[in-house]
Amino acid sequence: MTTQTDTPTTVEYAPEQPARLEWAKHAPEVYQAMVRLETAARKGLDHKLYELVKIRASQINHCAFCIDMHTKDALAAGESVERIVQLSAWDESRHFYTAKEVAALELTEAVTVLTDGFVPDEVYDNAAKHFEEAELAQVIAAITVINAWNRFGVTCRMAPGHYQPGQYK
């Protein structure tokens, strides 16, 4: 009688693309200004909501680096895997999110995809129903800042996968 042993198989992944440009190294004052802007934009916002907004905008902008970072930070903050997985299809899975989170996600999409036109009144009005004015201003700031970070990440082709939760705090 012969026994069959499981032979481990080696999976060969595609090679990681190097970054095109280490922009923060070459524009340190801009990078530091962005970090200060980021710190100011997140003040007073619920951490999980903040990370959901960051992930969703990054998905729309195809910024793999920021998706990696904010997914890890959201998980570290106690966000569920299920809600993160559903985020790319949040409109079909609204029942995973609060009405306030849905309003923030709608606003995130409208602000991020300005090529579709202005932010619709109904989207803004819905967000205004769920957020006090100061908090709404912070949500808009957070959306705006992640869109700026996404532009750096996508343009410079920053590689995902190396970020550790809280690394840049």
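Since the model is a prediction, treat every value here as computed from it, not as a measurement.
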### Query
Is it the case that more than 12 heavy atoms not belonging to Glu122 sit under 6.0 Å from its CD atom?
yes

### Task
Find out whether Ile146 and Cys66 are in side-chain contact, i.e. whether some heavy atom of one side chain is under 4.5 Å from a heavy atom of the other.
yes

### Query
Are the side chains of Gln138 and Arg42 in touch, meaning some heavy atoms are under 4.5 Å apart?
no

Residues 10-17, side-chain donor-acceptor partners within the protein, below 3.5 Å, at least two apart:
unit_1: Glu16; atom_1: OE1; unit_2: His162; atom_2: NE2; d: 2.8
unit_1: Glu16; atom_1: OE2; unit_2: His162; atom_2: NE2; d: 3.1
unit_1: Gln17; atom_1: OE1; unit_2: Arg157; atom_2: NE; d: 3.0

#### Entry: Joint cluster assignment, Leu37 & Val30, ILVMFWY side-chain distance < 4.5 Å
yes

### Task
May I ask you to decide whether Asp125 forms a salt bridge with Lys129, counting only side-chain N to carboxylate O separations under 4.0 Å?
no

### Message
If I take atom CG from residue Asn126 and atom CG from residue Asp121, how far apart are they, to the nearest 0.5 angstrom?
### Response
12.5 Å

### Task
Would you please test Trp90 and Tyr97 for ring-ring contact (aromatic ring centres under 6.0 Å, His included) and show each step?
CA-CA 8 Å; Trp90 69 267; Tyr97 307 98; 7.5 Å; no

### Query
Would you call Lys100 and Glu135 a salt bridge, using N to O less than 4.0 angstrom?
yes

### Message
Looking at every heavy atom in both Ala127 and Ala103, which two are closest together, and how far apart are they?
### Response
CA-CB, 3.9 Å

### Task
Using the rule that two of Ile, Leu, Val, Met, Phe, Trp, Tyr join whenever any of their side-chain heavy atoms come within less than 4.5 Å, decide whether Val85 and Ile60 are in one cluster.
no

### Task
Please report the closest heavy-atom contact between Ala57 and Thr112, naming both atoms and the distance.
CB-OG1, 3.7 Å

### Task
Given side chain to side chain contact (heavy atoms under 4.5 Å, CB included), test Tyr124 with Leu136 step by step and report yes or no.
CA-CA 10 Å; Tyr124 183 87; Leu136 180 57; 3.5 Å; yes

### Task
Determine, for Glu101 against Arg83, whether the closest basic-nitrogen to carboxylate-oxygen distance falls under 4.0 angstrom.
yes

### Query
Please walk me through it: do Ile84 and Phe96 pass side chain to side chain contact (heavy atoms under 4.5 Å, CB included)?
CA-CA 10 Å; Ile84 293 170; Phe96 285 89; over 6 Å; no

### Task
Could you tell me which non-hydrogen atom of Leu87 sits nearest to which non-hydrogen atom of Arg56, and how far apart they are?
O-CD, 3.6 Å

#### Entry: Heavy-atom closest pair, residues Leu114 and Ala110
CD2-O, 3.6 Å

### Pairs meeting criterion salt bridge (charged side-chain N to carboxylate O under 4.0 Å, His left out) with involvement of residues 24-36, two or more places apart
none

### Query
If you take all heavy atoms of Glu51 and Ala74, which pair is closest and at what distance?
CB-CB, 3.7 Å

### Message
With clusters defined by side-chain heavy atoms of hydrophobic residues (ILVMFWY) lying less than 4.5 Å apart, directly or transitively, does Phe152 cluster with Leu21?
### Response
yes

### Query
Is there a side-chain contact between Leu49 and Phe131 (heavy atoms, below 4.5 Å)?
yes

## Note on the structure
To the nearest 0.5 Å, atom NE2 of His47 lies from atom CG of Leu45 at 11.0 Å

### Message
A side-chain contact here means heavy atoms from C-beta on lying under 4.5 Å apart; do Arg151 and Asn61 qualify?
### Response
yes

### Task
For residues Ile143 and Ala104, report the shortest heavy-atom separation together with the two atoms involved.
CD1-O, 4.4 Å

